[in-house]
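Step one of this worksheet: look at the structure below.
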Amino acid sequence: MKPVSYYDLKYLPGSTLKEKFERNLNWMLSLTPDQLLYNYRINAGLDTKGAKPLTVWESPDWFFRGHFTGHYLSGASRSYVELNNMEDTKEANELKDRVDQIIAGLEECQQKFDTFEEFPGYLAAEPSKRFDDVEKLRFNGNHYVPYYAVQKLMDGLMDAYEFTGNQTALELTMNMTHYFEKRMARLSPERINAMIDTRWYQGKGQYVYHQEFGAMHRTLLRLYELTDKKQQDIFDLAEKFDRKWFRDMLINNDDELGYYSCHSNTELVCAEGMLEYYHVTGDEKYKQGVVNFMDWMHDGHELPTKGISGRSAYPAPADYGSELFDYPEMFYKHLSKLNGESCCSHDLNFLSSELFADTKDVTLMDDYEVRFINAIMAQQNNDSAIAEYLYNLSVAPNSIKEYSHTGFWCCTGSGTERHSTLVDGIYYTDNDDVYVTQYFDSILDLKNQGLTITQDAHYPEQHFAHLTVKSETSKVFTVYLRVPKWSAHTTITVDGKAISDQPKNGFVALTQKWGKQTEITVNFDFQLRYQTLADRFNRVAIYYGPILLAAETKDLPASEKPAKEYLKDLQKVEGKNEFRLAGTDIIFKSLPAIPGNTPYNVYVKVPDEKVATVVDTQNDSDKPVNEEREWTLAVDPEKKNYLKITYDRLDGDIYSFQIEDDNKVLFTQTMKSEEWPEDSYYIYPLPLDATKGKNKLNIKIKPLDYEGLNFDIANIDKIETMVANK
């Protein structure tokens with residue numbers, strides 16, 4: 001099975017996806033090739049043609065410059081295909097002309113670099129000194145991301161080659177690859193491993209060098225495939241970005257992302273590299289590692305939007321706000337700052353799509369749907385004529401959406417690239433069979449099979465999907481229709497006749513002889529439901545079908561009613577997927593429907609849900625403060641268990657300590673007075689393997705030795721274990 005080609009997809013006229021595609025197109029056309037070449041030309045010592053430089057992250061003095069040009073090439077090249085599919089040749093040709101101009105300018109830059117760089121093939125918007133600093137492990141407080149920027153450019157160039165046929169683009173990429181081969185050939189394996197070790201914390205009492213290197217592993221493997229797997233040196237270079245510690249963690253199914261304070265999107269694209277390695281070599285261990293990784297995301301790291309990223313478990317500098325992993329199911333700390341980096345949502349859907357083609361695991365597509373509806377559709381500003389993009393789609397209390405196209409953030413780049421391909425992830429083919437995994441307005445046009453499928457129901461605004469299947473010749477094949485897990489009662493009709501088939505592995509299989517035109521309707525069961533925060537039982541997120549609802553208000557009053565009763569107070573607004581809270585003017589609506597700079601709240605505070613029952617309670621041990629302390633507490637050997645610790649109020653210091661059992665660190669906790677937890681407690685969902693087969697659990701708490709600093713243990717008032725009620 002494989003995702004269908006971009007050449008087989010079209011946007012449905014008048015659809016929301018088409019509107020967002022066109023807004024993105026307007027944005028790309030508002031920029032000039034000379035602007036996108038500015039930083040490359042000035043770095044090469046060439047005339048900038050009077051262009052006005054881009055701003056903030058793409059300004060000439062910013063350490064991140066150059067990345068957006070790669071995203072632009074990807075977005076423009078893929079949009080070129082989509083525009084041709086829709087027979088819009090004028091704008092398609094205009095985009096191709098821009099792509100060709102940019103690549104010609106980059107070729108001129110690379111030729112100039114060849115006159116003074118140590119090795120031929122250099123091409124970047126930053127001086128090569130940045131790579132010297134990476135190799136010397138020099139760190140001045142900024143994130144060192146030169147490999148990230150060149151990886152984005154390499155991907156953009158390969159897209160230009162693959163989708164517009166620009167041969168020079170491939171040559172530039174090959175030259176860049178040979179440049180980095182020569183650079184890295186001088187380095188020992190130990191130095192390379194140190195350069196690309198992204199763990200902010202490694203269990204040592206000191207801070208370690210850190211950089212982001214993007215998807216270099218995946219990108220180089222893609223280049224290896226584009227060159228027919230004949231360039232062994234490209235494969236060998238790709239392997240240098242395959243980190244053993246990360247690979248082993250995924251393959252061994254041991255989620256230590258929070259322990260290491262890993263950066264969410266850095267590790268996510270490294271998982272993409274592992275899946276690409278499986279595609280190239282067939283090594284099943286790599287695929288299983290990615291399956292494990294996506295299970296971790298689903299079970300322990302995804303926010304209600306199905307996006308990821310938030311707080312670290314550690315003090316600064318490992319915690320810098322919004323882009324990190326904490327331990328599985330530790331979400332409550334994320335609510336104190338920004339979270340939900342948009343790049344992560346795009347990359348999670350890309351990885352879900354690729355992995356689904358390998359596994360047919362419907363959970364990947366269930367998550368894809370919720371993420372697409374709530375995170376992807378909210379990233380672009382609906383109220384702007386040209387695209388503006390969001391960095392973080394936060395679920396913290398009293399959040400706002402801050403849109404911009406002048407910041408040129410990483411998420412502006414990923415938004416520009418991925419809004420060219422919003423029809424991706426909907427259809428898959430398995431020989432003659434077709435899988436319909438999403439129900440978004442679109443047209444599938446399989447010319448080689450004489451088959452078209454059109455979806456035009458404006459889902460999820462409407463609560464059904466309508467598919468028109470047309471086959472030029474009468475033939476037997478199967479159309480698989482995904483039945484979302486959230487829809488308890490889904491009904492399907494084919495040409496008006498009800499289908500009694502039940503879903504198997506999440507799909508209803510319609511096998512029949514398909515003729516000139518067949519009409520399929522899938523009716524979904526939209527109901528209000530809620531999800532309790534995994535580590536704070538008095539917070540719930542509310543959904544209407546797949547739509548996450550947010551209260552469009554700065555201050556959302558706490559409810560005295562339990563969550564189930566609270567849902568009864570949400571009164572449907574006629575004709576909309578919106579609800580008014582009874583007795584108030586507060587409207588709950590989807591995140592895409594909330595305007596920018598408008599306060600909203602995703603979580604509702606309710607009385608504690610009966611998630612778990614306390615089975616053991618003990619007071620603080622008698623040992624002096626800041627010495628290691630331990631308890632033996634009752635647990636259930638078969639059920640989910642929780643640790644709940646109630647702390648005494650702190651002074652102005654930062655406290656950081658580790659909570660362990662007899663085998664490993666289970667959690668790291670950092671606390672300071674200005675972020676004191678509500679009601680003075682934290683709940684720690686215990687990993688199943690920590691309590692399986694046990695009636696007792698030994699808990700130890702030790703001060704954290706971090707970056708040469710010895711932190712204190714917070715004063716503990718009470719420690720409890722709880723057992724899940726279900």
Side-chain angles (χ1 to χ4, degrees), residues 139-143 198-210 256-264 309-339 341 392 394 396-398 533 535-536 619-621 623-631 643-660 664-685 699-719:
F139 187 86
N140 67 357
N142 285 330
H143 298 297
T198 55
R199 294 172 288 183
W200 282 95
Y201 178 79
Q202 298 185 28
K204 301 174 183 176
Q206 61 182 21
Y207 181 48
V208 293
Y209 172 80
H210 176 81
E256 292 192 308
L257 295 166
Y259 174 81
Y260 292 134
S261 189
C262 287
H263 181 267
S264 298
S309 88
R311 298 293 302 272
S312 162
Y314 295 89
D319 181 52
Y320 54 89
S322 62
E323 299 181 358
L324 301 158
F325 282 113
D326 200 343
Y327 289 81
E329 299 186 281
M330 291 297 294
F331 295 106
Y332 180 66
K333 284 183 281 184
H334 293 338
L335 304 189
S336 62
K337 285 190 178 180
L338 289 171
N339 51 63
E341 185 185 4
N392 292 289
S394 183
N398 191 23
L533 193 63
D535 60 333
R536 181 64 62 152
N619 294 325
D620 192 8
S621 65
K623 290 189 177 181
V625 173
N626 303 328
E627 288 189 10
E628 178 182 327
R629 279 165 283 174
E630 58 184 271
W631 299 260
L643 187 69
K644 180 179 179 181
I645 302 179
T646 303
Y647 297 95
D648 284 340
R649 185 71 183 178
L650 302 179
D651 56 24
D653 287 345
I654 298 174
Y655 294 79
S656 195
F657 45 93
Q658 293 186 317
I659 302 168
E660 306 178 5
K664 63 183 292 186
V665 174
L666 300 173
F667 304 96
T668 301
Q669 177 68 65
T670 299
M671 308 172 71
K672 48 188 176 180
S673 58
E674 59 264 37
E675 294 176 351
W676 187 250
E678 178 183 82
D679 299 324
S680 304
Y681 71 86
Y682 280 104
I683 293 174
Y684 305 89
I699 290 292
K700 302 174 185 177
I701 298 185
K702 299 179 180 179
L704 182 68
D705 178 13
Y706 176 67
E707 201 176 354
L709 300 174
N710 293 304
F711 287 90
D712 293 337
I713 299 173
N715 291 336
I716 295 171
D717 177 59
K718 183 170 55 177
I719 185 166

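Since this is a predicted model, take the numbers as computed values, not measurements.
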Ring centre gap for Y327 and F667 strictly below 6.0 Å: yes

Would you please indicate yes or no on a ring centroid separation below 6.0 angstrom for Y201 and Y259? yes

Does any part of the side chain of [Y], heavy atoms only, come nearer than 4.5 Å to the side chain of [X], both counted from C-beta?
X: I659; Y: V665; answer: no
X: P703; Y: N710; answer: no
X: Q669; Y: K333; answer: yes
X: I716; Y: W631; answer: yes

Gap between atom [atom2] of [Y] and atom [atom1] of [X] - 0.5 Å precision:
X: I713; Y: M671; atom1: CD1; atom2: CE; result: 12.0 Å
X: N339; Y: S322; atom1: CG; atom2: OG; result: 8.0 Å
X: L335; Y: E678; atom1: CG; atom2: CD; result: 10.5 Å
X: E674; Y: S336; atom1: CD; atom2: OG; result: 10.5 Å
X: L704; Y: I654; atom1: CG; atom2: CD1; result: 11.5 Å
X: S312; Y: K337; atom1: OG; atom2: NZ; result: 10.5 Å

S656 side chain to T670 side chain, donor-acceptor N/O pair below 3.5 angstrom: yes

Give the ring-plane orientation class for Y647 versus F657, where under 30° counts as parallel, over 60° as perpendicular and anything between as tilted. tilted

Parallel, tilted or perpendicular: which one describes the rings of Y684 and Y682, with boundaries at 30° and 60°? tilted

Steps toward side-chain contact (heavy atoms from CB on, under 4.5 Å) verdict (L324, W200): CA-CA 10 Å; L324 301 158; W200 282 95; 4.0 Å; yes

Side-chain (S309) to main-chain (E341) donor-acceptor, under 3.5 angstrom: yes

Under a 3.5 Å distance rule, please check whether D535 uses its side chain to pair with a backbone N or O of M330 as donor and acceptor. no

Note: G258 and Y314 closest approach over all heavy atoms is O-CE1, 3.6 Å

Identify the two heavy atoms, one from F325 and one from S264, that lie closest to each other, and give their separation to 0.1 Å. CE1-CA, 3.3 Å

Run the side chain to side chain donor-acceptor pair (under 3.5 Å) test against D319 and tell me which residues pass, sequence neighbours left out. R311

Is the closest basic N to carboxylate O distance between K672 and D653 below 4.0 Å? no

Quick one: list whatever passes side-chain contact (heavy atoms from CB on, under 4.5 Å) with S680, sequence neighbours left out. T646, W676

Hey, mind stepping through I699 and L666 against side-chain contact (heavy atoms from CB on, under 4.5 Å) and telling me if it holds? CA-CA 9 Å; I699 290 292; L666 300 173; 4.0 Å; yes

Take R629 and K702 through the test side-chain contact (heavy atoms from CB on, under 4.5 Å) and record every step on the way to the result. CA-CA 7 Å; R629 279 165 283 174; K702 299 179 180 179; over 6 Å; no

What's the verdict on side-chain contact (heavy atoms from CB on, under 4.5 Å) for H334 and D326, showing C-alpha distance, side-chain angles and the deciding distance? CA-CA 9 Å; H334 293 338; D326 200 343; 3.7 Å; yes

